[in-house]
Amino acid sequence: MPAVETIHGPADVAGLGPTLMHEHVFVLGSEHVENYGTGDWWDEEEKVADAVGKLRELVERGIRTIADPTVWGLGRYIPRIQRINEQVPELGIIVATGIYTYNDVPFQFHHRGPGTMVDEGPDPMIGLFVRDLTEGIAGTGVKAAFLKCAVDRPGLTPGVERVLRAVAGAHRETGAPLTVHTESSSHAGRTVVDLLGKEGVDLTKLVVGHAGDSNDLDYLMELADTGAILGMDRFGLDVINPTADRVATIAALCERGYADRIVLSHDASCFIDWFGPDPATVPAMQPNWHYRHISDDVLPALREAGVTDAQIDQMLVGNPRRYFTI
């Protein structure tokens with residue numbers, strides 16, 4: 001049977017079960033934590049224990065797998081995730097490789113690569129991504145199973161374009177699927193499917209991340225008609241798009257026959273340092289932005305809106321299984 005790499009090692013794709021396709025365990029600035037967090041607001045043992053408790057709540061609700069697209073730029077640190085997953089062994093965690101930037105490439109690549117002072121041939125990012133996918137990440141023995149990058153409000157800046165093309169190069173070499181963070185208000189998904197399509201990417205292996213921030217059915221169907229998968233993956237971020245509107249949009253898409261091109265998630269985390277060190281800040285701002293929201297609130301609302309159990313199973317089980325089948 002086809003296998004997908006997880007923190008635990010290779011797992012049978014057929015056994016992934018209900019899968020949330022875009023959840024972070026932690027989103028952290030590593031330099032921020034090391035220089036200003038330790039001994040102040042970052043307590044490693046406390047944060048690990050908190051994460052274990054929150055992930056166990058997912059398991060209690062029947063979720064068996066999460067895809068964690070935390071890459072360079074979001075604070076990926078696999079040893080910490082390994083520690084946590086050892087204490088929640090019932091949950092599969094699939095990790096990613098790539099670079100998360102809205103503007104420039106990291107300085108480690110600014111002067112290296114095609115057209116730079118040190119032009120070594122193929123973009124060095126490609127080789128690093130491929131190594132994460134085929135050999136493992138930083139000596140941990142854990143292999144990434146998908147690729148991640150971003151196109152946000154600034155659009156296709158030179159740095160963003162370079163990362164997007166490097167991710168496409170790693171996909172061509174390995175067949176690994178891709179998830180791209182997009183800014184729906186600017187319809188960035190169009191840019192993504194256009195460029196990646198020209199780069200030879202199999203668009204059926206692409207999740208257009210945060211497509212669910214939009215309720216523009218014409219835009220969403222246009223993306224899905226390319227074969228791409230719609231990431232309806234920010235449930236709980238009501239400040240961007242309220243849950244009721246997200247539910248109505250999914251119900252409308254399912255009625256039109258698009259359940260086979262939708263995946264669900266929250267884009268939540270156990271802790272994110274973007275809003276300051278106080279862990280109470282996010283719940284105060286966005287009380288529904290947590291791992292439990294889909295199971296407790298969204299699925300009942302989808303059923304009430306006419307979405308069938310078969311369609312929910314397609315979005316939670318069938319589509320993730322197909323995405324990770326290489």
Side-chain angles (χ1 to χ4, degrees), residues 16-24 54 57-67 69 179-190 206-226 228-269 272 282-323:
L16 291 179
T19 300
L20 299 181
M21 285 287 285
H22 195 121
E23 306 292 356
H24 303 274
K54 288 174 177 173
E57 291 179 334
L58 270 177
V59 173
E60 291 166 1
R61 285 160 174 77
I63 300 301
R64 290 293 171 260
T65 307
I66 62 170
T179 290
V180 181
H181 162 112
T182 64
E183 170 55 52
S184 283
S185 67
S186 61
H187 287 176
R190 288 195 178 112
L206 167 68
V207 170
V208 181
H210 314 326
D213 288 350
S214 174
N215 300 309
D216 183 338
L217 292 177
D218 289 336
Y219 167 65
L220 296 171
M221 290 188 293
E222 176 189 333
L223 296 178
D225 286 341
T226 70
I229 301 167
L230 303 174
M232 315 304 267
D233 53 17
R234 271 184 166 172
F235 274 103
L237 269 176
D238 295 331
V239 68
I240 296 176
N241 193 12
T243 291
D245 292 343
R246 294 179 189 269
V247 166
T249 295
I250 292 175
L253 289 168
C254 286
E255 186 179 10
R256 288 163 173 78
Y258 288 95
D260 64 338
R261 276 153 286 177
I262 295 172
V263 291
L264 305 177
S265 216
H266 306 92
D267 192 20
S269 56
I272 177 172
V282 169
M285 291 191 311
Q286 295 295 298
N288 291 323
W289 196 28
H290 52 73
Y291 296 147
R292 306 180 305 278
H293 185 43
I294 286 176
S295 299
D296 292 356
D297 307 313
V298 174
L299 297 185
L302 286 171
R303 291 185 178 101
E304 187 174 343
V307 178
T308 67
D309 285 341
Q311 289 171 323
I312 289 172
D313 187 72
Q314 181 76 54
M315 293 185 284
L316 282 177
V317 180
N319 296 340
R321 182 173 59 216
R322 187 180 72 240
Y323 175 83

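It should be emphasised that the depicted structure is a prediction, and the values quoted were computed from it without experimental measurement.
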Would you confirm whether [X], through its side chain, and [Y], through its main-chain N or O, come within 3.5 Å as a donor-acceptor pair?
X	Y	result
His266	Ile294	yes
Thr65	Leu16	yes
Asn241	Gly212	yes
Glu23	Ser265	no

If I take atom [atom1] from residue [X] and atom [atom2] from residue [Y], how far apart are they, to the nearest 0.5 angstrom?
X	Y	atom1	atom2	value
Asn215	Leu253	CG	CG	9.5 Å
Ser184	Ile240	OG	CD1	9.0 Å
Asp313	Met315	CG	CE	9.5 Å
Thr19	Ile63	OG1	CD1	7.5 Å
Asp213	Leu220	CG	CG	10.0 Å
Leu264	Leu299	CG	CG	7.0 Å

Minimum heavy-atom distance [X]-[Y], with the two atoms named:
X	Y	answer
Ala259	Asn319	O-ND2, 2.8 Å
Leu237	Arg246	O-NH2, 3.2 Å
Tyr291	Leu58	O-CD2, 3.5 Å
Val59	Arg64	O-NH1, 3.2 Å
Ala301	Val247	O-CG1, 3.8 Å
Ser214	Tyr219	OG-CD2, 3.8 Å

Requested in this report: Could you list all the side-chain hydrogen bond (donor to acceptor under 3.5 Å, both in side chains) pairs where at least one residue sits in residues 252-261, not counting sequence neighbours?
Outcome: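 As it turns out, the side-chain hydrogen bond (donor to acceptor under 3.5 Å, both in side chains) pairs with a partner in residues 252-261, which skip direct neighbours, are Asp225-Tyr258.
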Query raised in the report: So do the side chains of Met21 and Asp233 get within less than 4.5 Å of each other, counting heavy atoms only?
Result: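 Met21 vs Asp233: side chains apart.
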Query raised in the report: So do the side chains of Thr243 and Asp297 get within less than 4.5 Å of each other, counting heavy atoms only?
Result: no
Query - Given Glu60, Glu57, Lys54, the one that forms side-chain contact (heavy atoms from CB on, under 4.5 Å) with Arg292 - result: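 The single option meeting the side-chain contact (heavy atoms from CB on, under 4.5 Å) with Arg292 is Glu57.
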Query raised in the report: Among Val208, Thr249, Val298, Val263, which residue meets the side-chain contact (heavy atoms from CB on, under 4.5 Å) test with Met232?
Result: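 Single pass found, and it is Thr249.
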**Report entry** Working for side chain to side chain contact (heavy atoms under 4.5 Å, CB included), residues Gln311 and Leu302
**Finding:** CA-CA 10 Å; Gln311 289 171 323; Leu302 286 171; over 6 Å; no
Requested in this report: Let me know which of His210, His24, His22 forms a ring-ring contact (aromatic ring centres under 6.0 Å, His included) with His181.
Outcome: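 Only one option passes, and that is His210.
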